[in-house]
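Heads up: the structure comes next, in structure tokens.
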Amino acid sequence: MKLKLLNSDGRKTEEFKPLKDGEVGLYCCGPTVYNYAHIGNMRAYTFEDILKRTLEYAGYTVNHVMNVTDVGHLTGDGDEGEDKMIKAAREKGMTVWDIAEHFTEAFFRDSERLNIERPNRICKATEHIQDMIDMVKTLEDKGYTYVAGGNVYFDTSRFPGYGKMANLENQDLQHGARVAVDGNKRNGTDFVLWFTNSKFGDQAMTWPSPWGEGYPGWHIECSAMSTRYLGPHFDIHCGGVDHIPIHHTNEIAQSEAANGCKWVNYWLHNEFILMKSGKMSKSKGGFITLQDLIDKGYNALDYRYFLLGGHYRSQLVFSWESLDASRSARESLMRKIAALKEEGRVQSVDTLTEEGQKVLSAFREHMAADLNTPRALADIWSLLKNKNLSASDKLTLIMDMDRILGLSLDEEAPEEEPAALDAEIEALLAERQEARKNKDFARSDEIRDQLLEQGIQIIDSPDGPKWKKN
RNA sequence: GGCGCCGUACCCAAGCGGCUAAGGGAGUGGAUUGCAAAUCCAUCAUUCAGCGGUUCGAGUCCGCUCGGCGCCUCCA
């Protein structure tokens, strides 16, 4: 299985070749834990999960590293603005450490519910301050920095090819069009490596450094931590498209300047989830969390299915109608699989017939072609209708595909357990059965409507009536 | 002002020069069911925003027009 990935660096689709045979170093920009993640944020982590699963499916051993930003990420650019963590702590009356812990926990709970596999290593910025200081020191020794207004800046004019991936050289950037220009900067694109003059300094969040007590700039953490865990040159780096022009551009500059070599071979970026009204973001408010979906009665995997229905590199508009369609599709899929289990069983893919092998390689080809998950879902639906496949072959294929899709297709269709039936409903059900037996359908339908109003849907089956909560 | 993306049926969405334009949701007709639900069968774009061009051949490449979006603040 040869993967072809669209590399943002060069904007071309390339065949993936790892630096070391059979191994992949993968770094993904993780959450800044100052608030709950919204469903747009979760698209990035779901996409990265699909990437990781696909790599593993293809036989690679993946070392997946993800950071948790718990310091240094400002609300504004340059040396203006406040640290997000500190701001959140002040507003909520909690310590920064409590804030970080609370939202980190919430983040991984959401990840788990979306079947996102835990990265092999999760690293917190606050636990790697020394690595960052060391890297800034190296940059200083190599002459890439200057100190102004108490802060240490990276001088982008000293790094040839700065902004190449983002195509910055061809853009007539309007610096200061919407944000006050930082007068300490020598170049508009320069950025802070280490802060010492924060106006909002929370003493709990500063560390001693050669430049004075302070805290790190946001970009340096990813460079320092990825280098520590994956080395100075590794395979894949992921993140949202929003990171291309600034965060990743700066990461490349400082990493390659410090390490003195090529840093990342493949850059993969996911596009945004949009609302009908435009972008979803924390600062604008009005964002939707996974918990909101669950509170409305959706399964977290309905959202994963929704995400898989669009290509990660395309903008996807979220709407409740679309989510409903995803839920209907996923529930139907689960029912069909449950039915298949009545007459077949999962086996090794080696036992597949020629037709089954054909279906499987088509699926693999689709996933290998820059992770075409919409196509992969279509493959499942087509295979279900394929008359040349036995139930066992279908199950075998679907479960193999689910290693990548991560939709928990092997789980039993969620049937509301009638164990907790309350007596009143029980009585109504019994009465309805009695009425049906006597062909008093007016009464039986009346009871059904009555229960439906209480959010209980009755489904008659050959084994008697079943019910579920809506 | 600069950079980039997109416009495929009622909705979402694949498709990257060549068999009859994937798949899902919704809808419609039929089978089944007391009726529903579920399931099964069938049906659902002579056409890919518009106009030109390249080509033996274009939804797919090029140009223009119209429309939508993102970035150049924070953001996944």
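The figures that follow rest on heavy atoms only: side chains count, while hydrogens, waters and symmetry mates do not. Sequence lines set the chain letters: A, B, ... in the order given, protein chains first and strands last, and positions in each chain run from 1.
In this structure the side chain of A/Ile337 reaches within 4.5 angstrom of the side chain of A/Lys341, judged on heavy atoms. Counting heavy atoms from C-beta outward, A/His128 and A/Tyr229 have side chains that approach closer than 4.5 Å.
Across all strands shown, A/Gly40 has heavy atoms under 4.0 Å from base atoms, whether or not it also approaches the sugar-phosphate. At the heavy-atom level, A/Asn167 lies under 4.0 Å from the strands shown only through sugar-phosphate atoms. Residue contacts shown for A/Asn170 are limited to sugar-phosphate atoms, with no base heavy atom under 4.0 Å away. Using a 4.0 Å heavy-atom cutoff across all strands shown, A/Arg327 reaches no nucleic acid atom at all. Residue contacts shown for A/Trp320 are absent, as no nucleic acid heavy atom lies under 4.0 Å away. Backbone-only engagement by A/Leu274 is indicated by non-hydrogen atom pairs under 4.0 Å involving sugar-phosphate atoms exclusively. Note on A/Arg432: a base of the nucleic acid sits closer than 4.0 angstrom, heavy atoms only. Looking at heavy-atom distances under 4.0 Å, A/Ser332 makes contact with sugar-phosphate atoms alone, never a base. If you check every strand for non-hydrogen atoms under 4.0 Å, A/His247 touches nothing.
Put simply, the side chain of A/Asp440 gets close to the backbone of A/Arg443: a donor and an acceptor are under 3.5 Å apart.
Centroid-to-centroid, the aromatic rings of A/Phe306 and A/Phe318 come within less than 6.0 Å. Side-chain rings of A/Phe191 and A/Tyr153 stay apart, their centers remaining 6.0 Å or farther from each other. For A/His102 and A/Tyr36, the gap between ring centers is short of 6.0 Å. Taking the ring centroids of A/Trp218 and A/His243, they lie under the 6.0 Å cut-off.
Set against B/rA76, B/rG23, B/rA36, the side chain of A/Trp381 has B/rG23 as its closest nucleotide. Comparing B/rA76, B/rG25, B/rC35 by their nearest atom to the side chain of A/Ala329 picks out B/rG25. Among B/rA22, B/rC41, B/rA76, the nucleotide with an atom closest to any side-chain atom of A/Lys387 is B/rC41. Nearest nucleotide to the A/Lys385 side chain, out of B/rG34, B/rG24, B/rA76: B/rG24. The listed nucleotides are B/rA76, B/rC40, B/rG23; the one nearest the side chain of A/Lys336 is B/rC40. Side-chain proximity of A/Arg335 to B/rU39, B/rA76, B/rC74: nearest is B/rU39. When each of B/rC74, B/rG23, B/rA26 is scored by its nearest atom to the side-chain atoms of A/Ser328, the top-ranked nucleotide is B/rA26. Nearest nucleotide to the A/Tyr45 side chain, out of B/rA76, B/rG34, B/rC3: B/rA76.
No more than 12 heavy atoms of other residues, nucleotides or ligands sit less than 6.0 Å from atom CD of A/Glu112.
You won't find any donor-acceptor pair under 3.5 Å spanning the side chain of A/Arg11 and the base of B/rG4, going by distance alone. Judged by distance alone with a 3.5 Å cut-off, a donor-acceptor contact links the side chain of A/Asp460 to the base of B/rC35.
Sorted by first then second residue, the salt bridge (Lys or Arg N to Asp or Glu O under 4.0 Å) pairs that include residues 356-382 of chain A, not counting sequence neighbours, are A/Glu355-A/Lys358, A/Arg364-A/Asp400.
Using atom C1' as the reference point in both B/rG29 and B/rC66, the two lie 40 Å apart (nearest Å). B/rG68 and B/rG30 are spaced 43 Å apart, taking the P atom of each and rounding to whole Å. Spacing of C1' atoms, B/rA36 relative to B/rG70, comes out at 47 Å, to the nearest Å. With C1' as the reference atom, B/rU8 and B/rA22 are 12 Å apart, rounded to whole Å. On the C1' atoms, B/rC40 is 49 Å away from B/rU65, given to the nearest whole Å. Taking the P atoms as reference points, B/rG59 lies 11 Å from B/rU47, given to the whole Å. Between B/rA26 and B/rG63, the two P atoms lie 41 Å apart (nearest whole Å). For the P atoms, the distance from B/rC16 to B/rA21 is 14 Å, rounded to whole Å.
A/Ile244 has its CD1 atom 11 Å from the C1' atom of B/rA76, to the nearest Å. Summarising the geometry, the separation between CG on A/Leu168 and P on B/rG4 is reported as 12 Å, rounded to the nearest angstrom. Following rounding to the nearest Å, A/Gln171 (CD) and B/rG2 (C1') show an atom-to-atom distance of 7 Å. Counting to the nearest Å, the C1' atom of B/rG34 and the CD atom of A/Gln433 are 12 Å from each other. The nearest whole Å value for the distance from the CG atom in A/Leu429 to the C1' atom in B/rA36 is 15 Å. If you measure from atom CG of A/Leu268 to atom C1' of B/rA76, you get 14 Å, rounded to the nearest angstrom. In this structure, CG of A/Leu384 is placed 11 Å from P of B/rG25, rounded to the nearest angstrom. Atom CE in A/Met401 sits roughly 14 Å away from atom P in B/rG23 (whole-Å rounding).
A/Phe234 and A/Trp263 have perpendicular rings, their planes meeting at more than 60° on a 0 to 90° scale where under 30° would count as parallel.
Between A/Phe272 and A/Arg448, the residue anchored closer to the 5' end of RNA chain B is A/Arg448, taking for each the nucleotide with the nearest heavy atom. Between A/Arg436 and A/Ser382, it is A/Ser382 whose nearest contact on RNA chain B lies nearer the 5' terminus.
For the pair A/Asn170 and A/Asn167, the tightest heavy-atom approach, listed with the atom from each and the gap, is ND2-ND2, 2.8 Å. When every heavy atom of A/Gly30 is checked against every heavy atom of A/Tyr45, the shortest pair comes out as C-OH, 3.3 Å.
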Pairing pattern in dot-bracket form [Watson-Crick, G-U; both distances under 3.5 Å; | = partner strand] for RNA chain B: ((((((((.[[[..)..(....]]].(((((.......))))).....[[[[[..)....]]]]])))))))....

Are there any protein N/O atoms within less than 3.5 Å of an N/O atom in nucleotides 11-21 of chain B, and if so, which ones and at what distance?
| from | atom 1 | to | atom 2 | distance (Å) |
| --- | --- | --- | --- | --- |
| B/rA14 | OP1 | A/His311 | N | 3.1 |
| B/rA14 | O3' | A/Asn372 | ND2 | 3.1 |
| B/rG15 | OP1 | A/Asn372 | ND2 | 3.1 |

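Separation of atoms CD (A/Glu48) and NE2 (A/His237) is listed at 8.5 Å; rounding is to 0.5 Å.
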